[in-house]
Each structure stands twice: as C-alpha cells, then as structure tokens.
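Please read all numbers here as calculations on a predicted model, not as lab measurements. Quick note on labels: first sequence line is chain A, next is B, and so on, each numbered from 1.
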Number of protein chains: 2
Amino acid sequence: MNTLGYAILGLIHKQKVTGYDLAKIFNDSVADFWNANQSQIYPELKKLVQSELIQYEILVQGEVLEKKLYSITEKGKKALETWITEDEPPLSQSKDIFKLRIYFAEHLNKEQLLEKFKERQLRCKSLLERYKIKISEYQDSEGISPEKLGDFLLLKNAIKQLEAHISWIDDSIAYIQNK
Amino acid sequence: MNTLGYAILGLIHKQKVTGYDLAKIFNDSVADFWNANQSQIYPELKKLVQSELIQYEILVQGEVLEKKLYSITEKGKKALETWITEDEPPLSQSKDIFKLRIYFAEHLNKEQLLEKFKERQLRCKSLLERYKIKISEYQDSEGISPEKLGDFLLLKNAIKQLEAHISWIDDSIAYIQNK
DNA sequence: GCGAGCATGTAAACAGTTACATGATTCC
DNA sequence: GGAATCATGTAACTGTTTACATGCTCGC
C-alpha cells in the first residue's frame with residue numbers, strides 16, 4: 001500500500017470521518033507534511049474498504065443526502081501499527097521553486113533578488129503567525145493528551161523551521177545589500 | 001513548460017553538459033531543492049531541443065562513443081530569464097514520511113518514539129557534516145562570484161534548516177523523556 | 001430563494017519512480 | 001581482463017493535479 005493509504009488510515013483511526021472531512025484535514029493540520037485532494041481521497045477510500053482496512057456506515061443528512069462515515073477495522077489498526085514502526089526512508093528535501101530560482105541568482109540583479117527575498121519573508125512571517133496562534137491553544141492546557149502529542153510536536157517543528165528560514169532570509173538580504 | 005525544463009535550462013546555462021552530467025548534478029548540488037533521474041532528463045532534453053531552447057553538439061569520446069553536449073540558445077536564455085522573474089507560487093512544505101509517522105505518535109510507546117527521533121538525529125547530523133564541509137570551500141575564498149552566489153546562499157539555507165531540525169529533535173527527545 | 005459550504009465521485013493530463021536495455025571508456 | 005563509471009535511451013507503473021460533473025443542506 002502507498003503512503004497516502006496509511007495517512008488516511010491514521011486519520012480515520014483518530015476519529016470517524018467522511019471523505020470530505022479528510023480533504024479538509026489534509027488542507028489544515030496535516031498540510032505541512034502531507035496533502036491530498038478529493039480526486040485522490042475517494043478512490044483511495046474505496047481501495048481501503050476493499051482491503052478491509054476500513055469500513056463505513058451510511059448516515060443520512062437532512063432528507064436525502066447520504067454520507068459515508070468511515071472507521072478503521074481491527075485489520076486496519078494492525079496494518080497501521082506495522083507501518084508506523086517500519087524503518088524510515090532516506091532523508092529527502094522537497095522541491096522548492098523559490099530555491100531553484102535563487103540557485104540561478106546570477107540572472108537577477110541586486111534589486112530583483114532583494115525583492116524576491118522580501119516577498120518570501122512576508123509570506124513566511126504571515127504563516128508563522130498562524131502557527132503561533134495554533135500552538136498557543138496548547139500552551140494554555142497543562143498536559144498534552146497522547147492523541148495530540150504528534151500534532152503538538154509537529155507544530156513545534158513547523159515553527160522552528162519557519163523561524164530558521166526567516167533568519168536565513170534576513171541574513172541573505174543583509175549579505176546581498178553589503179555586496 | 002514544466003519546472004524541470006527550467007531547472008535543466010538553468011543548469012545548461014551555467015555550463016555545457018551532457019544528460020549524464022545533469023543526472024549527477026541533480027544528485028549532488030541541487031539535490032536539496034530539486035531532483036530528477038535519467039528517465040526524466042533525456043526526454044526533457046529532447047523536448048527542449050524541439051522548442052529550440054537548447055542545442056547540442058556531438059562529441060566523440062574515445063573511438064566510437066558519441067555524447068551530446070548541450071548548450072543554451074538565445075531563445076532559451078530569454079525563456080529562463082522570464083521564468084526566473086515570475087511570481088512565486090504559494091508556500092508549500094513537502095511530504096515527509098517521518099513527520100507523518102510522528103503525527104500518529106499515539107501508536108508508539110515512549111521507547112519506540114525516542115528510537116525514531118534518535119535515528120533521525122543521527123542521519124541529520126551526518127548530513128549536516130557533509131554540508132559544512134561543502135560550505136567550508138567557500139569560506140576560504142574571499143568574494144563569491146555571481147555564478148556561485150545561489151549555490152552559496154542555498155547551502156547556508158540547508159545548514160540553517162538542518163540545525164533547526166536537529167534542535168527540534170533534541171527538544172522533542174527531552175520533552176518525551178520528561179513525560 | 002440564494003449562496004456558501006457539504007458531499008461524492010470520474011476523466012484526463014501531467015509528473016515522477018523503478019526497471020529494463022545496451023554498449024563504450026578508462027583505469028587498475 | 002575486469003570493474004567502475006560514462007553515456008543514452010525506453011517501458012511500465014505509480015502518484016498527483018486540474019478539471020469536470022452532480023446534487024443536497026443549512027443558515028440567512
């Protein structure tokens with residue numbers, strides 16, 4: 001099975017959800033390290049049902065609308081636990097168009113290069129604010145429940161990475177200006 | 001045209017290369033923010049020739065072996081410069097299986113979780129060492145030539161990001177141990 | 001009644017990976 | 001002579017994105 005399948009399996013394990021819910025979750029919380037859109041989610045759910053790793057009950061919303069509420073099976077729980085304890089693949093960074101363009105910085109003049117960095121800086125700072133608001137919800141409460149530990153740790157990670165990225169941007173801007 | 005095309009275009013602009021060279025470059029320097037393998041490179045080169053953005057001369061190595069040495073055309077230079085100054089797409093983090101598994105940390109016991117972090121830590125530290133060796137080559141020389149500016153800035157970035165990541169791992173290990 | 005959002009899916013195109021296939025050159 | 005590396009490509013599969021297609025529900 002592919003990673004998307006396990007991602008979905010893990011999310012369904014946390015709570016019963018519909019395909020639509022999954023799409024939302026992928027665009028919110030998980031967005032930092034995984035994502036998927038509807039056209040991937042629905043076929044994958046079908047496959048997971050066929051493999052008997054998940055099951056669904058049909059709920060009727062309003063008068064007619066039928067929605068499928070998915071839950072994990074015992075077989076699914078086992079598959080998930082096996083996968084989670086598997087060895088990690090090699091480290092790999094992702095594709096980043098901004099960095100690719102910076103790599104070709106020789107084709108930009110000083111002003112254009114600074115402009116690129118400053119625009120990125122703005123975006124990163126705005127995203128950082130959003131993460132900080134999100135993590136403040138955790139700092140209010142005392143202990144963190146086991147189900148929320150992963151979410152908390154990864155929020156911490158996202159913030160650290162973003163701060164490091166912004167610091168690099170600051171350094172780069174200073175470096176370019178002094179050139 | 002897709003991003004890979006521009007990535008190749010930019011690399012060919014830096015110097016005349018063969019398809020084989022490109023594969024090596026993607027696995028070394030550029031590996032941090034872009035990559036591609038042979039089976040993507042050769043067809044893409046064909047397309048770029050058809051679009052007249054690059055051209056090639058045939059060199060004969062030894063007795064028989066013909067290799068194609070690609071260079072950028074004027075049309076290619078213009079296309080590259082247009083692309084580089086384009087607006088950036090929205091920020092996006094990459095898919096990371098390790099993080100996905102940490103997100104589902106509730107299925108790991110304390111020891112398993114610590115083990116995962118410690119293994120990641122080792123890998124990151126080893127990679128960091130490699131980057132530091134690479135950047136030390138720059139610190140020897142005084143000024144950095146324009147063609148190497150991008151490479152230098154991105155090395156700096158990779159190091160900062162890795163250091164932040166390792167620091168997060170350290171924090172996480174301490175946090176889990178005190179739980 | 002209307003619009004935003006809920007809800008489920010498919011089709012086609014594009015991007016990327018793994019495996020296959022072949023052969024020359026260089027250095028030891 | 002053999003092994004590592006140089007060199008070029010294709011085939012099949014897998015994964016991902018964009019667009020299409022439809023209809024219901026809830027709140028105003």
Visitor: Taking five pairs at each end of the helix from C:dG1-D:dC28 to C:dC28-D:dG1, what angle separates the two helix axes (nearest 10°)?
Guide: 30°
Visitor: Out of D:dT8, C:dA7, D:dG15, which has the shortest distance to the side chain of A:N2?
Guide: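 For A:N2, the side-chain atoms sit closest to D:dG15.
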Visitor: In whole angstroms, how far is the P atom of C:dG16 from the CD1 atom of B:I41?
Guide: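 Nearest whole value for this atom pair: 12 Å.
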Visitor: Pairing donors with acceptors under 3.5 angstrom, does anything connect the side chains of B:Q93 and A:N35?
Guide: no
Visitor: Between A:N37 (CG) and C:dA13 (C1'), how many Å, whole number?
Guide: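 Distance, rounded to whole Å: 14 Å.
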Visitor: Between C:dC6 atom P and A:D28 atom CG, what is the distance in whole Å?
Guide: 11 Å
Visitor: Do B:W168 side-chain atoms and A:L153 backbone N/O form a donor-acceptor pair below 3.5 Å?
Guide: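 Answer holds: yes.
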Visitor: With a 4.0 Å limit, can you tell me whether B:Y20 has a side-chain N or O closer than that to the phosphate oxygens OP1/OP2 of D:dT8?
Guide: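 So the side chain of B:Y20 is outside the cut-off, no N or O lying under 4.0 Å from OP1 or OP2 of D:dT8.
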Visitor: For C:dT8 and A:K46 - does any side-chain N or O of the residue sit under 4.0 Å from the phosphate oxygens OP1/OP2?
Guide: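 Answer no for this pair, as no side-chain N or O of A:K46 is under 4.0 Å from OP1 or OP2.
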Visitor: Send over the distance from B:K95 NZ to C:dT17 P, rounded to a whole Å.
Guide: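 In whole Å, C:dT17 P lies 12 Å from B:K95 NZ.
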Visitor: Rounded to whole Å, please give me the gap between CG in B:N27 and C1' in D:dT5.
Guide: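 Taking CG of B:N27 and C1' of D:dT5, I get 14 Å after rounding.
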Visitor: If I take atom CG in residue A:L22 and atom P in nucleotide C:dC6, what distance separates them, rounded to the nearest angstrom?
Guide: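 Checked: the CG to P distance equals 14 Å.
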Visitor: Atom CD of B:Q38 and atom P of D:dC6: how far apart are they, to the nearest Å?
Guide: 11 Å
Visitor: Using the closest heavy atom to pick a nucleotide of DNA chain D for each, name whichever of A:K47 or B:Y42 lands nearer the 5' end.
Guide: B:Y42
Visitor: Quick one: is A:T18 getting a side-chain N or O under 4.0 Å of the C:dC6 phosphate, OP1 or OP2?
Guide: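 Checking A:T18 against C:dC6: no side-chain N or O falls below 4.0 Å of OP1 or OP2.
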Visitor: Anything under 30° is parallel, anything over 60° is perpendicular, the rest tilted; go ahead and classify A:F152 against B:Y175.
Guide: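 A:F152 and B:Y175: tilted rings.
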Visitor: Is the A:Y42-A:Y20 ring centre distance short of 6.0 angstrom?
Guide: no
Visitor: Donor-acceptor pair under 3.5 Å: do we get one between B:Q40's side chain and the base of C:dT17?
Guide: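 No, no donor-acceptor pair under 3.5 Å.
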Visitor: Using a strict heavy-atom distance below 4.0 Å, which residues from residues 50-71 of chain B are in contact with DNA chain C?
Guide: B:Q61, B:G62, B:E63, B:V64, B:L65
Visitor: Kindly check if the number of other-residue, nucleotide or ligand heavy atoms within 6.0 Å of NZ (A:K75) is above 12?
Guide: yes
Visitor: Would the number of heavy atoms belonging to other residues, nucleotides or ligands and lying under 6.0 Å from CD of B:E63 be above 12?
Guide: no
Visitor: For the pair A:F117 and A:F98, name the ring-plane relationship: parallel under 30°, tilted 30 to 60°, perpendicular over 60°.
Guide: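 Answer is perpendicular, since the angle exceeds 60°.
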Visitor: Just the rounded figure in Å: distance from P of D:dT10 to CG of B:L45.
Guide: 11 Å
Visitor: Tell me every residue that passes ring-ring contact (aromatic ring centres under 6.0 Å, His included) with B:W34, counting only those two or more places apart in sequence or in another chain.
Guide: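 Partners of B:W34 by the ring-ring contact (aromatic ring centres under 6.0 Å, His included) criterion come out as none, since no residue qualifies.
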Visitor: With a 6.0 Å cut-off (strictly less than), is the heavy-atom count around NZ of B:K95, excluding the residue itself, greater than 12?
Guide: yes
Visitor: Closest approach to the side chain of B:K24, judged atom by atom: which nucleotide of D:dT8, C:dG9, D:dC6 is it?
Guide: D:dC6
Visitor: Taking 4.0 angstrom as the limit, do A:R120 and A:D96 come out as a salt bridge?
Guide: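 Yes, A:R120 and A:D96 are salt-bridged.
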